[in-house]
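Presented below is the structure to which this report refers.
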Amino acid sequence: MSLNPTRRLLILVAPHRGRLLLGILLAAMASALNVPVPLLIREVVDRSSSLDTRWALAGLGVGAFSVFLAQAAVSLATARVVGPVGLAVVRDLRHALYARLQGLGLAYFDRTPTGVILSRMTDDVDVIQSLVSGQSIAILTDLGTTAIIAVVMVHMNARLALVLTLVLLAYAVTFRFFTRRIRAGSVEIRDRLDRIFGHLKGRIDGMLVVKACAREDAEIAEFAGWIGAAHAPRVRLGRLGAAFSNLSVALGGIGSALVFAVGAIEVMNGRMTPGGAVSAAALAGLLFAPVARLADLASVFEQAAASTDRLGEILDMKPDVLEPVNPVPFGRASGLVEFDRVGFGYNAGQPVVWDVRLRIKPGMHVAIVGPTGCGKSTLMNLLLRFYDPTWGEVRLDGVPLSRIATADLRRQAGVVLQEPVVFAGTLADNIRYGAPDANDVRVEAAARAALIHDLAISLPAGYATVIGEGGRRLSQGERQRVAIARAFCANPTIVVLDEATSALDTATEALIQVALRNLLKGRTAFIIAHRLATVVDADLIVVMDGGLVVQTGTHDELLASDGLYRALCARQFGDRGSHAPRREGERISSRVACPLPRLLDVSEVA
């Protein structure tokens with residue numbers, strides 16, 4: 001069950017409770033220092049007839065100055081003690097959020113727009129920082145002031161205490177009425193900001209397309225609509241907060257007037273001295289001022305509570321893929337991969353792959369082909385345990401993936417995607433990303449094998465050159481070779497190529513193919529491809545359709561049978577469908593294998 005916002009905030013500040021308790025003590029001292037001045041006023045008024053008024057007023061001035069000076073010193077000390085707590089809480093919160101995001105499976109990122117995540121990591125955390133860093137001191141001081149003055153007023157006169165109670169009850173009713181609506185409005189605003197962040201992130205990432213289609217004016221108009229949609233609830237929330245604040249001020253004024261009137265009646269009836277009535281009115285003013293301020297602080301708290309709820313959704317989320325309780329100790333794998341009656345669906349009741357049965361010997365190069373959406377990439381997501389099968393089991397070296405620590409599993413695999421991911425940083429950092437402990441010699445060796453070394457030494461700072469966010473200073477082919485070098489540097493047992501050459505021109509593809517052959521040598525490989533010319537020499541070709549494995553075999557064997565693979569070849573190569581080209585630049589594998597009709601060791605088939 002999700003924690004309520006107050007309890008979650010208390011958990012966040014718990015590691016800093018020492019500073020916070022000291023801050024509460026200092027805030028209590030600052031609150032207590034509000035009481036002496038009204039009491040001094042009482043003494044001056046009541047004793048003015050028996051003392052020299054000038055000396056009484058001078059004493060009052062000195063006393064008030066001393067109190068205000070002490071109050072300023074205590075408030076400064078409170079700020080110095082409590083202020084860093086807010087910054088530390090925000091630091092810890094962002095760390096916890098990022099750690100939780102790293103622990104979540106791909107399913108969360110598939111269904112959550114990047115802009116929504118960024119909105120929560122920035123905007124929502126900033127709202128909490130505003131509360132904890134700045135407003136927490138005011139809240140502590142005002143609550144302390146209210147409590148101390150209420151006790152003093154009860155001690156001074158029971159009737160005045162009754163007036164205070166009635167006014168505070170009226171305030172409590174308005175507080176409850178407004179805070180519920182303020183939180184609901186804050187949630188609506190935060191949700192709309194999520195959508196704005198998501199829209200903005202998508203359009204910035206696709207700015208090339210926006211400009212190529214001359215859509216700038218249309219984008220400006222559309223974004224104005226998004227902002228307008230978020231503006232209306234902001235206006236409503238502002239009006240709600242203003243009404244709450246003004247009503248609180250009005251209640252404070254009414255309360256002060258009632259205290260003064262009741263005090264006057266008490267003086268006329270001889271139950272209070274004139275000085276007591278004046279000091280009571282002064283104390284009431286000091287009491288209702290922080291009560292009125294609490295209206296503004298309540299708005300801040302409710303907005304922070306809404307943000308805390310939203311962040312709690314991430315912090316409380318459980319990973320879709322769980323770490324094994326007692327993982328099997330796992331060193332370097334040999335590369336034996338088994339899919340045993342594997343089925344999987346991203347949504348319940350909607351399977352994407354069905355009853356997949358494969359057994360791949362170490363060192364085999366397996367091509368997975370088929371129409372778009374047939375389940376090729378899903379199969380590799382299961383192999384890398386980005387998802388767990390809905391039924392069946394995937395095994396590595398005979399061990400179910402669910403019993404292998406995910407870090408141990410993924411250290412065995414290198415992935416090269418159609419759109420290579422290059423991070424902001426240096427070329428060397430990108431190459432050693434999968435092997436952070438790799439030295440410069442290992443990085444250079446990986447770069448040479450991936451045919452990226454010549455580019456590296458031509459850059460201004462060599463391997464230490466910062467290649468920009470997303471590798472924008474590099475061409476598509478160069479980014480692809482960086483991704484291949486990264487896989488080389490990690491020295492995986494298994495390599496997954498997901499359409500790794502489909503977006504390249506012929507000359508660049510030939511260069512990439514050489515780098516890929518270097519990478520695949522001696523490793524178990526899974527090659528996802530639409531271009532069949534790149535996989536005709538694979539040890540095994542697995543043909544998928546509608547989530548099912550419908551054919552397995554070598555290129556020649558599959559062409560000899562009347563099936564989907566032959567139809568795909570005919571579609572790509574026309575009349576030459578039965579004689580697919582085998583140009584050197586289009587080969588990824590050069591091994592020989594045989595068909596795999598069932599769950600068995602390929603080597604057992606003659």
More than 12 non-hydrogen atoms from neighbouring residues, nucleotides or ligands closer than 6.0 Å to CZ on Arg180, yes or no? no

Heavy-atom closest pair, residues Ile196 and Ala230: CD1-CB, 3.7 Å

Less than 3.5 Å apart, any donor N or O on the side chain of Ser402 or Asp388 sitting next to an acceptor on the other? no

When you compare the side chain of Asp498 with that of Val415, does any pair of heavy atoms fall below 4.5 Å? no

Using side-chain heavy atoms (C-beta onward) and a distance below 4.5 Å, is Pro351 in contact with Trp391? yes

Check against salt bridge (Lys or Arg N to Asp or Glu O under 4.0 Å), Asp123 and Arg310: CA-CA 11 Å; Asp123 197 55; Arg310 285 157 46 86; over 6 Å; no

Just do the side chain to side chain contact (heavy atoms under 4.5 Å, CB included) check on Val542 and Leu379 with the steps written out, would you? CA-CA 11 Å; Val542 176; Leu379 211 58; 5.6 Å; no

Ignoring hydrogens and geometry, is there a side-chain-to-backbone donor-acceptor pair from Arg481 to Ala450 under 3.5 Å? no

Heavy-atom side-chain contact between Leu396 and Val337 under 4.5 Å: yes

Distance-only, no hydrogens or angles: does the Gln412 side chain make a donor-acceptor pair with backbone N or O of Asp408 under 3.5 Å? yes

Gap between atom CG of Leu451 and atom CG of Asn518 - 0.5 Å precision: 6.0 Å

Can you confirm whether Arg215 is buried at CZ, in the sense that more than 12 heavy atoms of other residues, nucleotides or ligands lie under 6.0 Å from that atom? no

Hey, does the side chain of Glu188 reach the backbone of Pro233 with a donor-acceptor pair shorter than 3.5 angstrom? no

Over all atoms of both residues, closest heavy-atom pair of Val416 and Ala487: CG2-CB, 4.4 Å

Got a donor-acceptor contact below 3.5 angstrom from the Ser307 side chain to the Val127 backbone? no

Could you measure the distance from the CD atom of Glu219 to the CG atom of Leu200? Nearest 0.5 Å is fine. 10.0 Å

A side-chain contact here means heavy atoms from C-beta on lying under 4.5 Å apart; do Leu540 and Met364 qualify? yes

Looking at Phe423, I'd like to know if its CZ atom is crowded, meaning that more than 12 non-hydrogen atoms belonging to other residues, nucleotides or ligands lie closer than 6.0 Å. yes

Looking at Gly434 and Arg486, what are the two nearest heavy atoms and their distance? N-CG, 4.2 Å

Please check this pair: side chain of Gln572 against backbone of His530, looking for a donor-acceptor N/O pair closer than 3.5 Å. yes

Between Leu311 and Arg100, is any pair of side-chain heavy atoms under 4.5 Å apart? no

Which of these, Arg385, Arg411, Glu323, sits in a side chain to side chain donor-acceptor pair (under 3.5 Å) with Thr406? Glu323

How long is the gap from CD1 on Ile11 to CG on Leu93, to the nearest 0.5 Å? 12.0 Å

What is the distance from atom OH of Tyr98 to atom CD1 of Ile314, rounded to the nearest 0.5 Å? 13.0 Å

Would you please name every residue forming a side-chain hydrogen bond (donor to acceptor under 3.5 Å, both in side chains) with Tyr387, sequence neighbours left out? Asp110

What are the two closest non-hydrogen atoms of Ala529 and Thr534, and how far apart are they? CB-OG1, 3.7 Å

Ile128 and Val125, any side-chain heavy atoms less than 4.5 Å apart: no

Please enumerate all residues that pass side-chain hydrogen bond (donor to acceptor under 3.5 Å, both in side chains) together with Ser119, with sequence neighbours excluded. Asp194

Matching residue for Asp340 among Arg359, Arg395, Arg357 - test: salt bridge (charged side-chain N to carboxylate O under 4.0 Å, His left out): Arg395

Quick check on Asp437: does its CG atom have over 12 non-hydrogen neighbours (other residues, nucleotides or ligands) under 6.0 Å away? yes

Inter-residue atom distance Trp354.CH2 - Leu548.CG, 0.5 Å rounding: 7.5 Å

Under a 4.0 Å threshold between the charged nitrogen and the carboxylate oxygen, would Asp126 count as salt-bridged to Arg94? yes

Looking at Lys376 and Ile527, would you say the former's side chain and the latter's main chain have a donor-acceptor pair under 3.5 Å? no

If only atom types and distance count, is the side chain of Gln480 paired as donor or acceptor with the main-chain N or O of Leu417 below 3.5 Å? yes

With a 3.5 Å distance limit and no angle check, can you tell me whether Ser561 reaches the backbone of Leu558 through a side-chain donor-acceptor pair? yes

Look at the side chain of His365 and the backbone N and O of Arg523, then say whether any donor-acceptor pair between them is shorter than 3.5 Å. yes

Take Glu419 and Gln476 through the side chain to side chain contact (heavy atoms under 4.5 Å, CB included) test and state the conclusion after the steps. CA-CA 8 Å; Glu419 289 295 332; Gln476 174 78 4; 4.0 Å; yes

Could you tell me whether Phe223 atom CZ has more than 12 heavy atoms of other residues or ligands within 6.0 Å of it? yes

Assess whether side chain to side chain contact (heavy atoms under 4.5 Å, CB included) is satisfied between Val543 and Asp545, documenting all intermediate values. CA-CA 7 Å; Val543 186; Asp545 189 23; 5.9 Å; no

The test is side chain to side chain contact (heavy atoms under 4.5 Å, CB included); show your working for Asn491 and Arg332 and say whether it passes. CA-CA 10 Å; Asn491 191 26; Arg332 184 172 178 82; 3.7 Å; yes

So which atom in Thr390 and which in Phe344 form the shortest heavy-atom distance, rounded to 0.1 Å? OG1-CA, 3.3 Å

Just so I know, are the side chains of Arg8 and Leu315 near enough to count as touching, which here means a heavy-atom distance under 4.5 Å? yes

To check you understand the geometry: which heavy-atom pair defines the closest contact between Cys569 and His555, and what is its length? SG-CE1, 4.2 Å

Using modelled atom types and a 3.5 Å cut-off, is there a donor and acceptor pairing between side-chain atoms of Arg234 and backbone atoms of Ile189? no

Out of curiosity, Met380 CE to Ile368 CD1, how far, rounded to the nearest 0.5 Å? 3.5 Å

Please tell me if the side chains of Asp92 and Leu12 come closer than 4.5 Å, counting only heavy atoms from C-beta onward. no

